[in-house]
There are 2 protein chains.
Amino acid sequence: MAHQVTIKDIAKILGISASTVSRALKDHPDISPKTKRMVQAFAQKVNYRPNALALNLRRSKTNTIGIIIPEIVHHFFSSVISGIEKVAYAAGYNVMICQSNEDYNREVIDAQALLDNRVDGVLMSLSKTTFDHDHIRNLIDHGIPVVFFDRAPNEIEADKVFIDDFMGAKIATHHLIATGCRNILHLAAPSHLLIGQRRRDGYIKALEENGIQFNPDFIIKCDTRDDVFANAGKILQLANQIDGIFTVNDSTAIATMQVLMKNGIRIPEHISVIGFGDGPNANICYPPLSTVEQKGTEIGKEATQLLLNQIENTEDIYKPTTKTITPVLRIRESTLM
Amino acid sequence: MAHQVTIKDIAKILGISASTVSRALKDHPDISPKTKRMVQAFAQKVNYRPNALALNLRRSKTNTIGIIIPEIVHHFFSSVISGIEKVAYAAGYNVMICQSNEDYNREVIDAQALLDNRVDGVLMSLSKTTFDHDHIRNLIDHGIPVVFFDRAPNEIEADKVFIDDFMGAKIATHHLIATGCRNILHLAAPSHLLIGQRRRDGYIKALEENGIQFNPDFIIKCDTRDDVFANAGKILQLANQIDGIFTVNDSTAIATMQVLMKNGIRIPEHISVIGFGDGPNANICYPPLSTVEQKGTEIGKEATQLLLNQIENTEDIYKPTTKTITPVLRIRESTLM
DNA sequence: ATGAAAGCGCTAACAT
DNA sequence: ATGTTAGCGCTTTCAT
């Protein structure tokens with residue numbers, strides 16, 4: 001097992017001091033060209049690599065970004081990670097990932113572990129069970145910048161990156177209207193959830209902007225596959241009054257299409273259906289689902305960029321920004337052209 | 001911004017030496033109960049936390065596991081990460097994730113970065129463009145244990161964890177036969193890919209074990225959604241000679257069902273279909289797909305366990321193991337009961 | 001142009 | 001029972 005060669009090793013072998021080696025390696029002007037060449041050539045030969053642990057301790061800087069995420073196995077979140085990873089890597093940072101599993105206690109421990117390891121910054125999305133934010137304040141108090149994505153606490157001033165749910169819902173509904181729909185059903189998430197509320201508002205706004213009277217009967221709380229089956233009767237009963245459906249997420253849209261088609265309703269000829277999310281199954285279902293792309297990768301990239309700005313601008317006092325990413329329409333075959 | 005309190009700080013305030021503080025904090029028997037109480041109480045009060053950077057350097061041990069994975073946004077791989085994360089966390093380790101993006105050069109850089117950071121071990125799955133393994137040997141030469149999952153090099157002796165593709169295919173085919181199928185089509189991956197070959201062999205073996213004559217016409221190279229559409233004619237032509245289809249992955253199965261149903265063939269009444277993978281869409285498609293679960297989480301857990309064994313058993317020479325995870329059948333509605 | 005020494009925070013011989 | 005010292009690998013003043 002090969003021992004990692006250190007600056008001291010090089011110094012001893014070359015018969016010079018460690019400080020000279022250190023300087024030579026980083027091209028310090030004081031060092032004579034001859035010494036530099038010698039040291040650099042030798043270092044190369046023995047495959048010298050600085051010990052990151054020692055550097056970290058010395059500089060109190062790790063070039064590592066911490067991530068706290070509710071769950072990794074989820075298309076949206078894994079896309080975010082992927083985006084983070086890309087930008088972080090390009091800037092010379094590593095990523096340390098913690099999964100809270102939607103558990104507040106775990107999130108607290110994760111935050112502490114990242115602090116203990118002196119990560120240079122933290123990107124996080126709150127767990128569903130997090131209502132207290134002392135662990136986050138603790139990070140910030142210790143000078144660790146935090147940027148939130150997707151799920152952020154109102155109580156904390158920090159950079160935040162969101163998808164624009166309102167706009168996404170509006171765009172989706174506009175698309176239905178533009179392709180001729182006039183009576184549009186919305187399958188919604190409960191309105192105590194922010195996304196439920198925002199997407200619902202976007203839907204209503206789009207109707208309004210097109211001079212379509214909003215009909216409260218055309219909103220059903222129904223945001224999971226099972227919900228759709230439970231509400232199948234209600235949906236089918238409305239089927240002959242409507243010509244479009246906007247659902248709060250893709251899996252609801254897909255289940256809805258299945259229920260409708262099973263009952264002889266053709267999509268999009270009789271009813272157009274549009275979802276929200278653009279996960280992998282939007283392409284695989286039948287018919288391929290028109291939907292709104294949630295842009296996880298871009299959210300991850302943006303959040304990381306904001307974090308790096310903060311990490312590298314240590315100078316002045318930082319004014320928190322909130323960035324809103326506008327989702328884009330993915331038109332497939334479940335809506336008319 | 002709160003300065004992190006150090007052992008030295010505590011020592012100074014309490015008027016004792018740093019070593020006494022250090023010992024008191026870890027309940028060293030030499031320290032008097034009185035001093036211990038004093039130190040521990042004070043440490044608690046000021047929320048003392050050991051600096052992981054200093055510990056890492058001192059012990060040349062980071063309690064961090066490195067992961068190199070081809071891509072994060074992929075159900076199988078993200079499940080593996082999730083499994084890794086669980087076991088690692090329970091054992092007090094953090095995870096550092098690198099995404100090779102199926103790029104050999106990136107993989108080399110990632111390996112080096114993990115080495116520089118002195119991770120205690122590495123879990124990896126090779127990128128598709130990796131044919132040289134010096135970067136991996138480099139890790140091992142420097143005493144960093146490496147465990148592979150899913151994609152491993154034959155040339156390297158190391159722990160490896162795989163899903164048993166052969167067995168999975170056999171189980172799937174057996175299930176079709178057990179539910180009455182006799183003429184089973186296999187939509188296969190190219191046989192130069194290991195999984196293509198192994199799954200194909202499992203299919204043939206199952207036929208054999210049931211005394212069913214293997215018909216070479218009943219294997220079509222077809223392993224993507226687009227492939228299915230391209231081969232739709234061929235598949236439909238065989239439709240009246242067959243009663244079951246085993247596909248090499250789920251998306252192929254789903255596309256096949258769509259083609260068949262569009263042509264009036266009922267599933268599973270006319271033809272049963274079974275896939276391989278059990279990604280999120282197996283539940284969402286219509287009809288819900290019977291398939292073979294690839295057990296990503298379990299693979300991640302097993303691999304991590306093997307790695308931890310190696311990290312912690314530094315004593316004797318290590319004899320590499322290969323672990324094969326047997327996949328399990330997920331029976332849904334695309335096959336008969 | 002180079003070297004010696006101190007220090008980042010912690011621990012573990014080695015004193016006493 | 002406690003303190004002193006040295007050292008993990010590196011950088012950086014401060015000499016020379």
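The analysis underlying the following values was restricted to heavy atoms, covering all of them including side chains, and did not include hydrogens, waters or symmetry mates. Residue numbering restarts at 1 for every chain, and letters A, B, ... go by the order of the sequence lines.
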So, under a plain 3.5 Å distance rule, would you say the side chain of [X] forms a donor-acceptor pair with the base of [N]?
X: A:Arg23; N: C:dG3; answer: yes
X: A:Ser19; N: C:dA4; answer: yes
X: A:Arg49; N: D:dG9; answer: no

Which part of the nucleic acid, if any, lies within reach of B:Ser60 when heavy atoms closer than 4.0 Å are counted: base, sugar-phosphate only, or nothing?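 Nothing, no nucleic acid heavy atom in range.
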
With a non-hydrogen cut-off below 4.0 angstrom, is B:Asn51 in contact with a base, only sugar-phosphate, or nothing?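 Sugar-phosphate contact only - B:Asn51 comes under 4.0 Å of backbone atoms but never of a base.
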
Atom-pair distance ([atom1] on [X]; [atom2] on [N]), nearest Å:
X: B:Asn56; N: C:dC8; atom1: CG; atom2: P; result: 18 Å
X: B:Arg59; N: C:dG9; atom1: CZ; atom2: C1'; result: 12 Å
X: B:Ile10; N: C:dT11; atom1: CD1; atom2: P; result: 11 Å
X: A:Gln4; N: D:dG9; atom1: CD; atom2: P; result: 10 Å
X: A:Ile31; N: D:dT12; atom1: CD1; atom2: C1'; result: 12 Å
X: B:Arg118; N: D:dG9; atom1: CZ; atom2: P; result: 8 Å
X: A:Arg58; N: C:dC10; atom1: CZ; atom2: C1'; result: 16 Å
X: A:Lys61; N: D:dT11; atom1: NZ; atom2: C1'; result: 16 Å

Suppose we screen for side chain to side chain contact (heavy atoms under 4.5 Å, CB included). Which residues come up paired with B:Ser60, at least two apart in sequence or across chains?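 Per chain and number, B:Ser60 pairs via side chain to side chain contact (heavy atoms under 4.5 Å, CB included) with no residue.
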
If only side-chain N and O atoms of [X] are considered, is one of them under 4.0 Å from the OP1 or OP2 phosphate oxygen of [N]?
X: B:Lys26; N: C:dT11; answer: yes
X: B:Ser22; N: C:dT11; answer: yes
X: B:Lys8; N: C:dC8; answer: yes
X: B:Tyr48; N: C:dG9; answer: no
X: B:Thr20; N: D:dT2; answer: no

Taking the side chain of [X] as its heavy atoms from C-beta onward, which of [options] lies nearest to it?
X: B:Ser32; options: C:dC10, D:dA1, D:dG3; value: D:dA1
X: B:Ile16; options: D:dG3, D:dC10, C:dT11; value: D:dG3
X: A:Ser17; options: C:dG3, D:dT2, C:dT11; value: C:dG3

Restricting to non-hydrogen atoms, name the atom on A:Thr304 and the atom on A:Ala88 that form the minimum distance, rounded to 0.1 Å.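 Heavy atoms of A:Thr304 and A:Ala88 come nearest at CG2-N, 3.9 Å.
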
Mapping A:Ala54 and B:Val21 onto DNA chain D by nearest heavy atom, which one lands closer to the 5' end?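 With A:Ala54 and B:Val21 compared, the 5'-side residue is B:Val21.
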
Check whether A:Asp120 reaches the backbone of A:Ile65 with its side chain - one donor and one acceptor, N or O, closer than 3.5 Å.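 Here the side-chain-to-backbone pair does not exist.
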
Neighbour count above 12 (heavy atom, 6.0 Å) for A:Glu102 CD: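 Above 12, so yes.
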
Is A:Arg106 close enough and on-axis enough to B:Tyr89, meaning under 6.0 Å and within 45°, for cation-pi?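 Judged by the rule, A:Arg106 and B:Tyr89 form a cation-pi pair.
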
Test salt bridge (Lys or Arg N to Asp or Glu O under 4.0 Å) applied to B:Asp30 and B:Arg23, step by step: CA-CA 8 Å; B:Asp30 279 1; B:Arg23 284 189 276 242; 5.8 Å; no

